[in-house]
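Note on naming: letters A, B, ... go to the chains in the order of the sequence lines (proteins, then strands), and numbering restarts at 1 for each one.
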Amino acid sequence: MEYNFSETEKKWQDYWRANATYRASIDKSKPKYYVLDMFPYPSGAGLHVGHPLGYIASDIFSRYKRLKGFNVLHPMGYDEFGLPAEQYAIQTGQHPAVTTAQNIARYREQLDQIGFSFDWEREVRTSDPKYYKWTQWIFSLLFNSWYNNDSKKAEEISSLISRLEKEGNQKVNAANSEERIFSAAEWNGFDEKTKSDILLNYRLAFISEATVNWCPALGTVLANEEVKDGVSERGGHPVERKLMKQWSLRITAYAQRLLDGLDVIDWSDSLKEQQRNWIGRSDGAEVTFQIDGMNEGLLIFTTRPDTIFGATYMTIAPEHELVEKLTTSDRRNEVMAYVTEAKNRSERERMAEVKNITGVFTGSYSIHPFSGNKIPIWIGDYVLAGYGTGAVMAVPAHDSRDYAFARHFNLPIVEVVAGGNIAEESYDAKEGKLINSDFLNGLDVKDAIKKTIGEIEKRGLGLGKVNYRLRDAIFGRQRYWGEPIPIYYKNGIPQLVEAKDLPVVLPEVDKYLPTEDGEPPLARAKNWSYNGHPLETTTMPGWAGSSWYFLRYMDAKNENAFASNQALDYWKDVDLYMGGAEHATGHLLYVRFWTKFLHDRGFIAIDEPAKKLINQGMIQGRSNFVYRVKDSNKFVSYNLRKQYDVTDLHVDVNIVENDVLDIEAFKKWREEFAAAEFILEDGKYICGAEVEKMSKRWWNVVNPDDMVSKYGADCLRLYKMFLGPLELSKPWNTNGISGTSGFIRKLWKLYHKLDGRDLVWEVSNDEPSKAEFKALHKTIRKVEEDMERFSFNTSVSTFMICVNELTDLKCNKRAILEPLAIIVSPYAPHIAEELWSQLGHKESITKATFPQWKEEYLVESEFAYPISVNGKTRLNIALSLAFTKEEIEREVLNSEEVKKLLSGQPVKKIIVVPGRIVNIVL
RNA sequence: GCCCGGGUGGUGGAACUGGUAGACACGCAGGACUUAAAAUCCUGUUCCCGUUGAGGGAGUGCGGGUUCGAUUCCCGCCCCGGGUACCA
């Protein structure tokens with residue numbers, strides 16, 4: 001019988017489901033291994049052929065690890081909350097839960113076809129109240145925590161309160177936004193509202209008034225990483241800066257630990273680098289410049305304190321709190337006009353005008369702390385309010401932005417580090433000797449930085465200081481489709497909903513839009529209150545549920561905790577995390593933050609969520625084109641198109657095979673082509689091709705369902721891996737799929753013999769030959785090595801080589817074919833199960849053990865040495881591997897062929913690497 | 001601009017710590033089987049010159065260097081992909 005993939009694949013998928021083959025449970029007799037795919041958001045379009053790439057790789061690895069004796073946790077679920085479902089709900093009036101459920105059903109169907117080994121009993125869905133109860137619970141924990149910089153961890157808020165009661169906040173070293181210093185007595189005298197406001201400045205989940213990214217079209221604020229190029233990542237709508245009260249998470253408290261943690265995890269360099277840049281640590285100093293004629297100082301941050309003698313003016317952000325005070329009356333009109341304009345500019349305008357230098361002089365001067373010189377204070381929008389102190393000492397000679405500004409406004413430029421040509425451009429490099437700098441003269445930049453900071457601290461002008469680019473994460477969204485924030489307001493004071501009353505269930509609303517007076521959609525809900533007090537109306541952002549889901553999989557159904565200690569202790573962390581690099585600064589930073597937080601609060605032992613992370617490359621689309629002769633219904637084949645005046649049209653890639661157009665299908669594709677005529681080459685219509693993004697628009701979308709029904713899941717799995725290294729982006733091209741399809745047929749044939757026209761099962765129990773053992777064992781070794789370095793494409797090649805060799809050897813020995821089925825099974829599980837059961841096994845092949853390769857079958861006695869002359873290979877000579885260097889040298893030089901080759905030329909030197917190469921140098 | 005990746009046949013790619021460049025597969029060409037086609041099988045296939053099946057030369061984006069030997073290491077450039085953008 002020929003191999004019938006559709007029947008066999010269905011059979012085994014049913015078997016796996018019926019027998020819960022992939023159920024994972026705690027088993028302390030085995031080492032655990034946790035393989036996780038990034039949480040999919042079930043979009044309406046279903047899976048296209050690009051999505052399963054990572055899933056297939058992680059599935060293969062999971063199956064491999066099971067065969068290697070690990071207890072594997074390999075779950076799947078859905079990140080359901082998100083903007084697209086809600087936008088769709090707004091348009092159609094359908095509840096987002098309904099459309100989301102439909103999308104999930106479709107996803108599941110598609111996933112099942114590919115034969116994944118997920119433990120579906122652990123499925124999680126973020127919009128399930130049983131799940132988001134715990135998301136809300138973690139939020140409550142964040143609200144009830146503060147970050148102690150002395151102990152370097154998050155602590156229960158009560159420990160802070162008792163300190164405030166005893167000693168005030170003078171000695172409290174916390175990550176906070178509180179500026180006042182108060183004594184214990186003062187604290188104890190504050191009213192409840194004041195205390196609440198102060199504590200919010202310490203809590204890790206807090207309300208603050210901050211400039212946020214407001215997107216009017218989506219009607220919500222967005223986090224920094226949800227904004228790209230001044231427009232929203234979802235939908236591409238303009239984003240404005242707006243001052244708003246917002247729930248935020250104090251991720252900045254963890255900036256240094258998030259940075260340090262990168263050194264201990266095995267993630268790709270590019271991804272770590274992205275996180276490092278996003279966190280953006282810079283080392284420098286904060287220095288106060290006294291303002292001339294005022295009892296007030298201007299605090300600046302600089303990473304180049306060494307250049308302080310080159311500071312010829314100051315610049316502050318238009319939003320700086322001292323703008324008002326610093327502006328002299330004669331400058332008032334001009335300054336106010338500038339500030340108003342700068343504030344109203346949208347993010348996009350601001351970015352578009354980066355090269356446009358704008359600024360205004362305040363009329364005030366500051367006193368240089370070392371030279372005592374008077375230097376002017378300017379306002380410029382190249383200084384950002386949100387970074388550092390919102391003020392800089394401008395050193396035009398050594399900072400390109402200050403340089404451009406100084407040139408534009410004719411401000412003095414003083415060189416203080418030798419090495420550049422400041423008449424031409426600023427010299428920003430941190431190299432050279434200090435000049436024009438009093439006590440710093442002659443020092444190197446590095447030493448000068450140290451010395452300046454020392455001096456600044458000694459004179460009480462400021463402190464050495466580290467700044468981070470990372471901002472606190474805006475957590476509230478003015479949207480419907482998200483987890484309600486478990487907060488209510490009692491006399492305007494935010495209070496937590498009690499743990500026993502969680503979850504706060506997402507209410508029904510009549511419309512998924514803001515109310516007439518601009519309140520978020522939840523304000524439409526009837527009785528949106530808790531014990532008579534109004535509940536918070538903003539919801540959590542899309543990334544809330546995904547920041548801890550990896551923990552829930554460990555114990556998905558637990559109703560008493562987000563996961564039991566037993567499960568957390570056993571499964572610990574993710575061993576292999578597979579997913580796209582696009583989550584570098586969003587999800588992957590938040591999940592690390594929440595993990596560290598839960599660790600601090602004693603709920604989990606781990607401090608990083610995933611030991612190893614692999615980014616699978618993107619699958620791009622490959623479009624096909626047909627060429628229509630202008631003003632006709634004639635189509636000319638690719639290589640003849642230049643002889644005509646043609647328009648190129650995208651053609652559905654699903655009716656093209658190996659760039660050859662299926663003409664009949666084309667005629668049926670669209671009515672207008674029914675009567676099309678063709679100018680062929682060699683009797684075929686050849687299409688043009690180009691790599692583009694996979695999109696409906698370009699008719700280049702290939703979905704996995706079609707591939708599965710045409711070639712089978714095993715073939716699709718093998719082909720995807722065969723395409724190239726996992727991390728590389730590549731266009732999806734079905735041209736080569738017949739290769740893996742042929743491989744499956746050849747594999748099947750190994751276990752059969754041809755009886756007339758039929759294939760009949762035939763496997764013998766005879767002892768295999770040496771050659772057969774060798775073919776198998778070198779395959780086992782290579783595949784194992786490839787697996788350990790996630791080189792899936794080379795494994796597939798190795799299988800092909802093995803099957804080709806065994807076919808040549810006409811091998812049908814059980815002792816070879818049984819282990820072969822096992823090592824192939826992670827890649828092609830369906831056919832492997834079928835072969836396994838026909839070999840007489842009652843249990844699934846997934847319960848088998850990965851075979852061990854044996855050195856004895858691999859030893860070679862001879863090696864065909866490549867003999868090269870001056871590094872160029874000339875011929876091969878087979879020699880015993882037992883030979884010493886000297887013996888090899890003698891054999892080679894005495895060989896007739898080599899003598900002929902050298903034709904008497906003197907040998908200058910001969911390099912012999914036993915088992916590798918011989919190089920003769922003339 | 002800056003920071004990461006990456007440039008190997010007609011195509012996808014292989015070559016693990018410097019040691020036979022092009023494994024494996026697609027495509028293509030020729031052949032076998034077939035009334036024919038599909039399927040299958042066999043042979044060839046980096047390029048150039050040459051040819052009886054001899055032989056020779058070039059070759060891993062470009063130019064240099066280190067080395068007996070470089071796709072691999074170093075220096076300088078070019079191109080492509082991704083990230084990021086006044087972060088002081």
Side-chain angles (χ1 to χ4, degrees), chain A residues 2 228-229 268-274 276-278 280-282 284 300-304 307 315 350-351 353-357 380-384 386-395 398-402 404-405 428 467-471 581-582 584-585 615 617-618 620 658-659 689 718-719 722-725 727-740 742-743 745-746 749 754 782 785-786 788-789 791 793-801 804 807 864-876 908-913 915-922:
Chain A
E2 278 285 324
K228 292 246 151 72
D229 302 324
S268 72
D269 287 337
S270 74
L271 208 142
K272 288 196 205 179
E273 205 49 35
Q274 276 183 60
R276 282 194 191 104
N277 292 339
W278 191 259
R281 178 187 161 120
S282 46
I300 59 98
F301 175 71
T302 177
T303 54
R304 293 294 302 275
T307 62
T315 315
R350 200 180 62 82
M351 291 177 70
E353 288 170 17
V354 160
K355 298 216 161 60
N356 237 347
I357 295 160
D381 73 349
Y382 78 95
V383 175
L384 304 177
Y387 185 76
T389 61
V392 301
M393 63 172 200
V395 183
H398 306 288
D399 181 291
S400 54
R401 294 152 305 180
D402 296 340
F405 195 84
D428 296 16
N467 256 317
Y468 300 91
R469 199 187 83 117
L470 185 70
R471 293 284 88 91
E582 65 273 21
T585 54
N615 295 126
M618 287 200 313
Q620 295 147 314
N658 287 347
D659 294 335
L718 282 164
Y719 184 58
F722 186 62
L723 224 41
E727 292 95 330
L728 242 66
S729 288
K730 54 224 147 199
W732 176 254
N733 184 345
T734 20
N735 286 358
I737 200 163
S738 56
T740 44
F743 164 76
R745 270 196 299 273
K746 282 189 211 164
K749 279 187 185 158
L754 202 60
K782 175 83 167 96
E785 281 168 6
D786 287 349
E788 298 297 338
R789 58 191 176 106
S791 176
N793 54 328
T794 50
S795 282
V796 180
S797 303
T798 306
F799 291 137
M800 287 174 169
I801 294 167
N804 289 346
T807 303
Y865 278 92
I867 311 301
S868 47
V869 177
N870 290 335
K872 192 91 191 164
T873 310
R874 292 294 151 171
L875 51 96
N876 287 298
K908 213 184 265 173
K909 197 171 169 185
I910 178 163
I911 312 281
V912 176
V913 185
R916 277 266 149 99
I917 199 169
V918 176
N919 190 16
I920 300 167
V921 185
L922 296 178

Distance between the [atom1] atoms of [N] and [M], in whole angstroms?
| N | M | atom1 | value |
| --- | --- | --- | --- |
| B:U52 | B:U35 | P | 38 Å |
| B:G81 | B:G10 | C1' | 23 Å |
| B:C77 | B:G18 | C1' | 24 Å |
| B:G65 | B:C48 | C1' | 28 Å |
| B:U17 | B:A29 | P | 39 Å |
| B:C4 | B:G22 | P | 33 Å |
| B:G53 | B:U43 | C1' | 14 Å |
| B:C79 | B:U8 | C1' | 15 Å |

Base, backbone or nothing for each nucleotide of nucleotides 10-16 of chain B, written B, S, -, heavy atoms under 4.0 angstrom, 5' to 3'?
--BSSS-
Syn or anti: how is B:G18 classified when any glycosidic angle within 90° of 0 counts as syn?
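The base of B:G18 is oriented anti (glycosidic angle more than 90° from 0).
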Once salt bridge (charged side-chain N to carboxylate O under 4.0 Å, His left out) is applied, do any residues pair with A:Arg276, and if so which ones, sequence neighbours excluded?
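Result, salt bridge (charged side-chain N to carboxylate O under 4.0 Å, His left out) vs A:Arg276: A:Asp263, A:Glu273.
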A:Lys272: what forms a salt bridge (charged side-chain N to carboxylate O under 4.0 Å, His left out) with it, not counting sequence neighbours?
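Once residues adjacent in sequence are excluded, A:Lys272 has no partner under the salt bridge (charged side-chain N to carboxylate O under 4.0 Å, His left out) criterion.
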Show the numbers, then the answer: is there a ring-ring contact (aromatic ring centres under 6.0 Å, His included) between A:Trp732 and A:Tyr719?
CA-CA 11 Å; A:Trp732 176 254; A:Tyr719 184 58; 5.5 Å; yes
Can you tell me if A:Ser868 uses its side chain to pair, donor with acceptor, with the backbone of A:Val918 under 3.5 Å?
yes
Strictly below 4.0 Å: does A:Asn804 bring a side-chain N or O up to OP1 or OP2 of B:A23?
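Result: no.
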Does B:C2 have OP1 or OP2 sitting under 4.0 Å from an N or O in the side chain of A:Ser400?
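Negative; the distance criterion is not met.
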To the nearest Å, how far apart are [X] [atom1] and [N] [atom2]?
| X | N | atom1 | atom2 | answer |
| --- | --- | --- | --- | --- |
| A:Lys746 | B:C24 | NZ | P | 10 Å |
| A:Leu271 | B:C4 | CG | P | 14 Å |
| A:Lys908 | B:U67 | NZ | C1' | 14 Å |
| A:Lys872 | B:U60 | NZ | P | 10 Å |
| A:Asn876 | B:G19 | CG | C1' | 13 Å |
| A:Gln274 | B:C4 | CD | P | 12 Å |
| A:Ile737 | B:C26 | CD1 | P | 12 Å |
| A:Arg469 | B:A88 | CZ | P | 10 Å |

Would you mind telling me which of [options] lies closest to the side-chain atoms of [X]?
| X | options | result |
| --- | --- | --- |
| A:Ile801 | B:U84, B:U40, B:A23 | B:A23 |
| A:Val392 | B:C68, B:A88, B:A25 | B:A88 |
| A:Met800 | B:C24, B:G59, B:U20 | B:C24 |
| A:Asn919 | B:C26, B:U20, B:G19 | B:G19 |
| A:Ser282 | B:G19, B:A21, B:A88 | B:A88 |
| A:Val913 | B:G57, B:G19, B:A25 | B:G19 |
| A:Asp381 | B:C68, B:U40, B:C86 | B:C86 |

Map A:Asn467 and A:Val796 onto RNA chain B by nearest heavy atom, then report which one ends up closer to the 5' terminus.
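Closer to the 5' end of RNA chain B: A:Val796.
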For A:Asp269 and for A:Trp278, find the nucleotide of RNA chain B with the closest heavy atom, then tell me which residue's nucleotide is more 5'.
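Closer to the 5' end of RNA chain B: A:Asp269.
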List for me each residue that meets ring-ring contact (aromatic ring centres under 6.0 Å, His included) alongside A:Phe799, sequence neighbours excluded, and say none if there are none.
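Residues passing ring-ring contact (aromatic ring centres under 6.0 Å, His included) with A:Phe799: A:Tyr827.
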Using the side chain to side chain donor-acceptor pair (under 3.5 Å) criterion, which residues pair with A:Arg916? Sequence neighbours excluded.
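Partners of A:Arg916 by the side chain to side chain donor-acceptor pair (under 3.5 Å) criterion come out as none, since no residue qualifies.
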Please evaluate the base of B:C26 for a donor-acceptor partner in the side chain of A:Asn735 within a cut-off of under 3.5 Å?
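Not at all, since no donor on one side and acceptor on the other fall under 3.5 Å apart.
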Determine the stems involving RNA chain B; a stem requires 3 or more consecutive pairs of the Watson-Crick or G-U wobble kind, each with both distances below 3.5 Å, and the answer is none if no such run exists.
B:1-7 with B:78-84, B:10-12 with B:24-26, B:27-32 with B:40-45, B:46-49 with B:55-58, B:61-65 with B:73-77
